[in-house]
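All residue numbers refer to positions in the sequence shown, counting from 1.
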Amino acid sequence: MTQNNARRQAGLWQRMKPFWDRWQLGRLAIVVFLAIFLLSSTYLITIAKTSHVHKLEATLSQTTDIYDNQDQWAGQLYSQKGTYVKYNAISQNMRDAVLSIEDRNFYHEHGFSVRGLARAAYLFVRNKLTGSNVISGGGSTITQQLVKNAYLTQQQTFSRKAKEIFLAMQVEQDYSKNDILTMYLNNSWFGNGVWGVEDASEKYFGVHASELTTAQAATLAGMLTNPSGFNPIDHPERSKKRRDLVLETMAQNKKLTKDQMQQAQATPIVLTDNYVGGENYRYPWFFDSVIAEAVNKYGISEKDIMNQGYKIYTTLNQTDQTNLQNDFKNNNLFGNQNSAQAASILLNAKTGGVRAVIGGREDQHIFRGYNRANQSNLQPGSIIKPIVVYAPALTAGYTINSKLPNHTLTFGTNGYSPNNALNVQTGDVTMYQALEHSYNIPAVYLLNKLGVNTGFQSAKNFGLPVTKNDKSLSLALGGMDKGVSPQQMAQAYTAFANDGTMSQAHYITKIVDASGHVVVSQPKYDQKKVVSEKVANNLTRMMLGTYTNGTGAGAAPSGYTIAGKTGTTENPNDPNNANSSKDSWAVAYTRDVVQVTWMGLEGNSAASLPIGLMSTIGRYVKTSMGQVIPNTSEHSFSVTNPNQTTNDSGSSNSNSNNDWMANTQQAINDGVDKTVDGANKVWDTVKSWFGN
């Protein structure tokens, strides 16, 4: 049977040979192979040459450092990185153990092992034939493992293995063997949250890497292939067996005598944890926001920003951030409302730079978790009134003394009839009184007069994320389709603190890479004029009364003057309780800073918040602003509170003139309103004569 097969194959070759010789298919196959080899080599060499291997040691040894608004060091970002130590700070025991178990020919190779590659190729072919597409037992040298961790994914594919080899050869050209071993040990994962041999030594044995004994070094070296399976904390028996195997290889590799091996194997594994990790991530909410801005605005990946040794200069004020973090731990400052969440953000009023931010009241921070200060979509309630109602009204010619109705009214064809909090009704009120007491009826009345489109466009000009669904009179009271974040509201209010110019909120001012190259030299943020200086100043006059005579009374820090606005939203789970709310807001600003704080109930909580600011976040505003203002230039407002009288005769005359002008303007407005109302009635009568 075998002879018959051989004859058939020989006959087939005899028939194909003329065709093979005529077209020189053998040579063609060689040419194609060489072309593929040349192109592949060119591609892989290009990858190796453009991977900036010469920067590898700098990026691995340096953490990403964060600097504050005074260029002072504020903390570090790192994930796949621990405490970096030099070659001489790693015990000889550790070096011998790693080389014995991982790559005993390390000092005689040029980045890769021919024997290891042959084994990997054999296993690759075998797995292909059996239906597998991965490489088992890849035969990587220490240099290959280093470049895999630094540059490549952990996916075991043939193309990744090829890239790994070429990168390893490039690394061998740029660094000495001792440098490569040092980088490898500092960049290795040892499980239980630690990277690098120094932190691993502290985590498992409470010593420095330079102090590791033979048995301790063998334990750590044995973990490198499988830290989760061989670490002595979670798997003490498996760890000991693995350690003893490493000690055997050390003896075989002439690094230990037989007696030394047996003595080390008889040593029990005694664990001591002296590792202190994450202490440099000191301002987690702020650092999270810096990472997000680097990723979203400047296109740097999270992995790179955490591990490539950048220097990031920011708008952080460490004193303010520390104070806010401490304040958030004091439940009394939040009315002892244990079921409520909260967030607060503080901006530089001139530039929009974020000085401090807190994104929640969690006991344990989650890395890049949900930050309510800049990721939330919340109903803003009455803090939107200055933006969509009173700024457009002042622009249109109304004054702070314009009189507005404050009794039940019905608006529009759908009969919209808003109520004030606690159903309060009064006679006509001035515009500044309507704002400081946060009356709803005057706000809706004004927006109805101005036109919903006017308020909607104003919201857009101030950077609020309004949608077409927000084009209704309820916008005057903060009714929005999607809502806003505290950061967006703080950004909008910088216009009132800064003479009508709004500054985009931002965290980063400069980014420098590990080699000193400036990646970002100017922050990408906008400043634009959204209202005139006169309108901004008049709004500030109106909002000075919030914390003296209005809804924020009692929340102003002693001895300091602040302006701002408060707001609440109704609790849909408790609609019949006029004394309850779901969200509580407070905006407080000076000429130097703008702070926006939110406190609210998340989900379908059956709990309720009281509507009084001092029962929710009033004490927090009072305390935090009392800490913040002394840490600023303390520029005074150039305008006065309309509720306060002055003994200065010149100022009194000025106020009298302002009142006379305001009354004149109000008379004109009233006359226009009456004329328009009269014309509407005449038109309605005419239409009724002709049956509409």
* Derivation of the side chain to side chain donor-acceptor pair (under 3.5 Å) call for D96 and N93 -> CA-CA 5 Å; D96 290 343; N93 293 323; over 6 Å; no
* **Any side-chain heavy-atom pair of Y184 and L224 under 4.5 Å** => yes
* Asked: Between Q627 and D320, is any pair of side-chain heavy atoms under 4.5 Å apart?
  -> no
* **Donor + acceptor pair across side chains of Q491, Q487 (<3.5 Å)** => no
* Asked: Do we see a donor-acceptor contact under 3.5 Å between the side chains of N231 and D234?
  -> yes
* To do: Report yes or no: does N323 contribute a side-chain atom to a donor-acceptor pair with the main-chain N or O of T319 at less than 3.5 Å?
  => yes
* Asked: To the nearest 0.5 Å, how far apart are CD in Q216 and CG in L271?
  -> 9.5 Å
* Structure fact -> Taking every heavy atom of M223 against every heavy atom of P232, the minimum-distance pair comes out as SD-CD, 3.8 Å
* Between S376 (side chain) and L378 (backbone), is there a donor-acceptor pair under 3.5 Å? -> no
* Do side-chain atoms of S503 reach the backbone of Q527 as a donor and acceptor pair under 3.5 angstrom? -> no
* To do: Considering non-hydrogen atoms only, spot the tightest contact between L333 and D327 and give its length.
  => CD1-O, 3.7 Å
* To do: Kindly indicate, with the supporting measurements, whether the criterion side chain to side chain donor-acceptor pair (under 3.5 Å) is fulfilled by S624 and Q595.
  => CA-CA 9 Å; S624 63; Q595 182 189 73; 3.1 Å; yes
* To do: Go through the steps for H506 and V354 under the test side-chain contact (heavy atoms from CB on, under 4.5 Å), then give the verdict.
  => CA-CA 6 Å; H506 62 282; V354 179; over 6 Å; no
* Taking the side chain from E248 and the backbone from L245, do they hold a donor-acceptor pair closer than 3.5 Å? -> no
* To do: Please assess F334 against F328 for the test ring-ring contact (aromatic ring centres under 6.0 Å, His included), listing each intermediate value before the final yes or no.
  => CA-CA 8 Å; F334 297 88; F328 259 62; 4.8 Å; yes
* Do you know which two heavy atoms are closest between I305 and L77, and how far apart they sit? -> O-CD1, 4.3 Å
* Does the pair D103 and V98 meet the rule for a side-chain contact (heavy atoms from CB on, under 4.5 Å), with working shown? -> CA-CA 7 Å; D103 189 2; V98 170; over 6 Å; no
* Asked: Is there a donor in the side chain of D65 and an acceptor in the side chain of W73, or the other way round, less than 3.5 Å apart?
  -> yes
* Nearest-0.5 Å distance, OG1 of residue T219 to CZ of residue R242 -> 11.5 Å
* To do: Determine yes or no for a side-chain-to-main-chain donor-acceptor pair under 3.5 angstrom, with N296 supplying the side chain and A292 the backbone.
  => yes
* Any side-chain heavy-atom pair of R104 and F106 under 4.5 Å -> no
* **Heavy-atom donor-acceptor pair, S485 side chain to Q375 backbone, under 3.5 Å** => no
* **Q341 side-chain N/O to R361 backbone N/O, donor-acceptor pair under 3.5 Å** => yes
* Asked: To the nearest 0.5 Å, what is the distance between OH (Y313) and CG (D68)?
  -> 11.0 Å
* To do: Start with the C-alpha gap between V512 and K510, add the side-chain angles, then the distance that decides, and say whether side-chain contact (heavy atoms from CB on, under 4.5 Å) holds.
  => CA-CA 7 Å; V512 181; K510 184 170 69 172; 4.2 Å; yes
* Give the intermediate values and the outcome of side chain to side chain donor-acceptor pair (under 3.5 Å) for residues Y370 and D288. => CA-CA 10 Å; Y370 182 51; D288 282 359; over 6 Å; no
* Would you give the length of the straight line joining atom CG of D513 to atom OH of Y310, rounded to the nearest 0.5 angstrom? => 6.5 Å
* Looking just at side-chain N and O atoms, do K482 and N377 make a donor-acceptor pair shorter than 3.5 Å? -> no
* Structure fact -> In this structure, CZ of R355 is separated from CG of N317 (nearest 0.5 Å) by 4.5 Å
* Do K203 and D273 pass the salt bridge (Lys or Arg N to Asp or Glu O under 4.0 Å) test, and can you show the C-alpha distance, the side-chain angles, and the key distance before you say yes or no? -> CA-CA 5 Å; K203 177 68 179 180; D273 187 355; 3.1 Å; yes
* Check: Q504 side chain, D526 main-chain N or O, donor-acceptor pair, under 3.5 Å -> yes
* M183 side chain reached by Y175 side chain, heavy atoms, under 4.5 Å -> yes
* **Salt bridge present between E634 and R591 (N-O < 4.0 angstrom)** => no
* Asked: Any side-chain donor-acceptor pair under 3.5 Å between S176 and D179?
  -> yes
* Would you confirm whether T632, through its side chain, and I629, through its main-chain N or O, come within 3.5 Å as a donor-acceptor pair? => yes
* Asked: Is it true that E198 and K86 make a salt bridge, defined as a side-chain N closer than 4.0 Å to a carboxylate O?
  -> no
* Asked: With no hydrogens and no angle check, is any side-chain donor or acceptor of R243 less than 3.5 Å from a backbone partner on Q265?
  -> yes
* **Heavy-atom side-chain proximity of V587 to T597 below 4.5 angstrom** => no
* Structure fact -> What one should report as the nearest heavy-atom pair of F286 and T315 is CZ-OG1, 3.9 Å
* Asked: Should L212 and L220 be marked as a side-chain contact (heavy atoms from CB on, under 4.5 Å) after you check the CA-CA gap, both sets of side-chain angles, and the distance that decides it?
  -> CA-CA 10 Å; L212 288 168; L220 294 182; 3.8 Å; yes
* **Any donor-acceptor N or O pair under 3.5 Å, side chains N331, N338** => yes
* Minimum heavy-atom distance between S344 and L324, given as atom pair plus value -> OG-CD2, 4.2 Å
* When rounded to the nearest 0.5 angstrom, what is the spacing between CD1 in I508 and CD in E293? -> 4.5 Å
* Asked: Where do P486 and W598 come nearest, in terms of heavy atoms and distance?
  -> CG-CB, 4.1 Å
* Asked: Around K241, counting heavy atoms of other residues, nucleotides and ligands shown, do more than 12 lie under 6.0 Å from its NZ?
  -> no
* Would you say E102 and Q145 make side-chain contact, with heavy atoms under 4.5 Å? -> yes
* To do: Flag the pair R368 / E302 as yes when at least one side-chain heavy-atom distance between them is below 4.5 Å, and no otherwise.
  => yes
* Pair Y620-N332, side chain to side chain donor-acceptor pair (under 3.5 Å): steps then yes or no -> CA-CA 8 Å; Y620 168 79; N332 183 55; over 6 Å; no
* With no hydrogens and no angle check, do the side chains of N274 and Y204 hold a donor and an acceptor under 3.5 Å apart? -> no
* Strictly by modelled atom types, are N226 and S228 linked by a side-chain donor-acceptor pair under 3.5 Å? -> yes
* Using a 4.5 Å cut-off on heavy atoms from C-beta on, say whether the side chain of N371 contacts that of S289. => yes
